[in-house]
Amino acid sequence: MSFLFGKRKTPAELLRENKRMLDKSIREVERERQGLQTQEKKLIMEIKKSAKQGQMGAVKVMAKDLIRTRHQIEKFYKLKSQLQGVSLRIQTLKSTQAMGEAMKGVTKAMGQMNRQMNLPSLQKIMQEFERQNEKMEMVTEVMGDAIDDALEGDEEEEETEELVNQVLDEIGIDINQELVNAPSSAVAAPAAKGKVAQAEATGNDDSGIDSELQARLNNLRRM
């Protein structure tokens with residue numbers, strides 16, 4: 001009848017109150033059991049003392065009392081176990097209720113977030129992100145290819161020269177000495193031909209690179 005004189009208790013408050021009462025009852029049962037165990041020890045000592053004195057009548061009476069005490073201790077064990085089981089049930093109910101309240105709050109928050117989301121706007125943002133990401137990848141690729149093409153010739157030339165020198169060293173030929181001993185006309189003619197061929201190849205490569213880079217830049221401007 002508490003709702004007639006004040007605020008009606010919520011289920012959570014009722015569960016908490018009952019849980020407190022059960023815990024108190026468990027402590028009282030445990031205290032009584034410990035008292036009976038102390039009494040049991042005293043009875044055992046008195047039985048031994050009376051038996052030594054030959055008081056068999058007293059021994060029989062105390063033995064019956066000891067049996068009843070042990071039965072009562074066993075009952076207190078069972079009662080404590082039952083109270084603990086009920087307490088666990090209440091704790092489970094409290095946890096279930098807390099989980100339900102949490103799920104309720106999460107569901108409400110998710111509904112509010114979903115209502116605030118604008119799906120067409122999100123799709124437009126994702127499309128724009130994809131377009132900009134693709135553009136950035138193309139710019140990175142163009143810049144990387146341009147740098148590689150600009151450095152490729154020097155690197156290959158250095159690697160080629162190092163490899164030739166290594167091979168000549170292995171077979172015991174000094175390239176500088178061979179050039180000194182070779183006729184000047186024989187050296188000059190191949191060198192001139194090599195320079196012309198290299199210039200033509202470089203011109204062709206540069207034109208190809210420039211046209212490819214220009215095509216990629218035009219694609220980027222159209223994005």
Side-chain angles (χ1 to χ4, degrees), residues 1-24 26 82-166 194-223:
M1 301 294 290
S2 59
F3 63 90
L4 295 177
F5 304 98
K7 183 179 179 181
R8 188 172 184 176
K9 294 183 179 180
T10 62
E13 292 175 346
L14 291 173
L15 288 174
R16 185 165 53 251
E17 183 178 349
N18 291 327
K19 178 71 165 51
R20 193 181 302 115
M21 292 174 60
L22 282 171
D23 292 340
K24 182 179 179 182
I26 292 173
Q82 292 172 352
L83 290 174
Q84 286 178 337
V86 176
S87 178
L88 287 175
R89 289 291 183 88
I90 293 178
Q91 185 64 38
T92 303
L93 286 174
K94 288 178 62 178
S95 301
T96 304
Q97 183 187 18
M99 183 178 65
E101 292 295 331
M103 294 298 295
K104 180 180 178 181
V106 171
T107 304
K108 183 178 180 180
M110 290 177 64
Q112 292 177 353
M113 292 179 64
N114 288 330
R115 286 192 295 269
Q116 292 177 0
M117 288 183 180
N118 189 348
L119 187 57
S121 177
L122 288 176
Q123 290 178 344
K124 184 178 180 181
I125 292 173
M126 294 305 298
Q127 291 175 357
E128 180 65 18
F129 172 80
E130 184 177 0
R131 189 174 69 86
Q132 294 296 333
N133 187 43
E134 183 179 357
K135 183 177 180 180
M136 182 184 66
E137 290 180 356
M138 292 183 65
V139 171
T140 304
E141 183 179 359
V142 169
M143 293 179 64
D145 291 343
I147 294 174
D148 292 341
D149 293 339
L151 300 178
E152 184 177 2
D154 296 337
E155 292 178 357
E156 289 184 354
E157 186 68 23
E158 292 177 359
E159 292 178 1
T160 303
E161 185 176 355
E162 291 177 0
L163 182 59
V164 171
N165 292 332
Q166 182 180 355
K195 289 182 180 180
V196 172
Q198 183 177 2
E200 292 177 353
T202 302
N204 293 332
D205 291 342
D206 291 341
S207 62
I209 293 172
D210 292 340
S211 61
E212 184 178 357
L213 290 178
Q214 187 63 39
R216 291 186 180 183
L217 291 173
N218 291 335
N219 289 334
L220 289 176
R221 292 192 185 98
R222 287 195 294 270
M223 293 184 67

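- Glu101 pairs by the salt bridge (Lys or Arg N to Asp or Glu O under 4.0 Å) definition with nothing, not counting sequence neighbours.
- Within the structure, salt bridge (charged side-chain N to carboxylate O under 4.0 Å, His left out) pairs that include any residue of residues 119-129 comprise Glu128-Arg131 (at least two apart or interchain).
- At least one donor-acceptor pair closer than 3.5 Å links the side chain of Asn114 to the backbone N or O of Met110.
- Residue Thr140 forms a side chain to side chain contact (heavy atoms under 4.5 Å, CB included) with just one option from Met136, Glu137, Met143, Met138, and that option is Met136.
- Within the structure, no pair that satisfies the salt bridge (charged side-chain N to carboxylate O under 4.0 Å, His left out) test touches residues 104-116, not counting sequence neighbours.
- Contact of the Arg20 side chain with the Arg16 side chain is registered, since non-hydrogen atoms from C-beta on lie closer than 4.5 Å.
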Side-chain donor-acceptor contacts of residues 86-99 below 3.5 Å, not counting sequence neighbours, with atom names and distances?
residue, atom, partner, partner atom, Å
Ser87, OG, Lys19, NZ, 3.4
Thr92, OG1, Leu88, O, 2.8
Ser95, OG, Gln91, O, 3.0
Thr96, OG1, Thr92, O, 2.8

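- Remark: Gln84 engages Ile26, Lys80 in a side-chain contact (heavy atoms from CB on, under 4.5 Å) (not counting sequence neighbours).
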